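Not measured: the values here are computed from a predicted model. By convention in this document, chain letters (A, B, ...) are assigned in the order of the sequence lines, proteins followed by strands, and residues within each chain are numbered from 1.
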Amino acid sequence: RKEVEQDPGPFNVPEGATVAFNCTYSNSASQSFFWYRQDCRKEPKLLMSVYSSGNEDGRFTAQLNRASQYISLLIRDSKLSDSATYLCVVNRRGYSTLTFGKGTMLLVSP
Amino acid sequence: NAGVTQTPKFQVLKTGQSMTLQCAQDMNHNSMYWYRQDPGMGLRLIYYSASEGTTDKGEVPNGYNVSRLNKREFSLRLESAAPSQTSVYFCASSEGGGGGYGYTFGSGTRLTVV
C-alpha cells in the first residue's frame, strides 16, 4: 500500500460548485499534514496545513481523521482559478522529509 | 523576495553528459531537498540535507550526487545523464525538518536527456 493515496481525478465541476477530495495515509506515525496546490507546469505551493481539530481558510476547509487515517479538502463556491492539481502531503514523526501523494486534478468550468 | 531560486530553468543533455543543477534559498532555512516529478509518479525525493554539513539519500538517489555548499545552496549533479533522468526537478527548503513547517519550492528545472 502506498504511503499517501489520492484519487487522481480529474474532477470536473461547474463554477460555484462544492467539491471534496479525500486522501488516505498508511503510516499511523504520521504527525503533520498539508494540502499543496500545483498549477500546470508550475511548482507546488502550500495551500494549507491540516490540524486535528479541522481548519478553514476562506472557501477551503481541511479535516483530519486520525482513526481512519484520512485527510479531506473541501472547496466551496469553486472558481475558475481553482483549477489545479491538489497534493496531499504527510510527515512521519521523527522524519525530516515530507511524502507527497500523486495529486488530484480539479477542472472548474464556466 | 526571491525565496528558492533554481538554475537553469530548461536544459537538454545528451546521454552520458554531466551537469549540475543549482539551488539557492534566501530564507535562512536549515533544510533543503531535491525532488523529481514525472507524469503518473508524483514527487519523489532524490536527496535532502537536514542541516548544513549533512546530506542523506531519498527514495531515488541512484545516478545523482549532491553538495550542500553552505546554508543557502544545495546543488544536484548528474554525472552521466541517462534518458530515464528526463524529468522536472524541484528544489525545496524548509525552516525546520519539514515536519511542522512545510516546504517552499523553486520554480523547477525541466531536463531532457536525449
Nearest 0.5 Å, what's the [atom1]-[atom2] distance between [X] and [Y]?
X: A:L98; Y: B:Y48; atom1: CG; atom2: OH; answer: 11.5 Å
X: B:T104; Y: A:K45; atom1: OG1; atom2: NZ; answer: 10.5 Å
X: A:F100; Y: B:F90; atom1: CZ; atom2: CZ; answer: 10.0 Å
X: B:D56; Y: A:T97; atom1: CG; atom2: OG1; answer: 9.5 Å
X: B:Q37; Y: A:K102; atom1: CD; atom2: NZ; answer: 11.5 Å

Transitive ILVMFWY side-chain link [X] to [Y], under 4.5 Å:
X: B:L78; Y: B:Y35; result: no
X: A:Y70; Y: A:F33; result: no
X: A:F21; Y: A:V4; result: yes
X: A:L74; Y: A:Y86; result: no
X: A:M105; Y: A:F60; result: no

Side-chain donor-acceptor contact under 3.5 Å, B:Q6 with A:E43: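 Note: B:Q6 and A:E43 side chains miss the donor-acceptor criterion.
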
Heavy-atom check, side chain of A:V89 versus side chain of B:L43, under 4.5 Å: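 They are not in side-chain contact.
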
A:M48, CE: over 12 other non-hydrogen atoms inside 6.0 angstrom: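 Correct, the count exceeds 12.
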
Contact origin within B:R110 toward chain A - heavy atom pairs under 4.5 Å: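 For B:R110, the contact with chain A is made by the side chain alone.
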
Aromatic ring pairing A:Y36/B:F105, orientation class (parallel under 30°, perpendicular over 60°, tilted between):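 Ring orientation, 0 to 90° scale: perpendicular.
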
Residue pairs fulfilling salt bridge (Lys or Arg N to Asp or Glu O under 4.0 Å) with at least one residue in residues 23-38 of chain A, sequence neighbours excluded: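 Of all non-adjacent pairs touching residues 23-38 of chain A, those that pass salt bridge (Lys or Arg N to Asp or Glu O under 4.0 Å) are A:R37-A:D39.
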
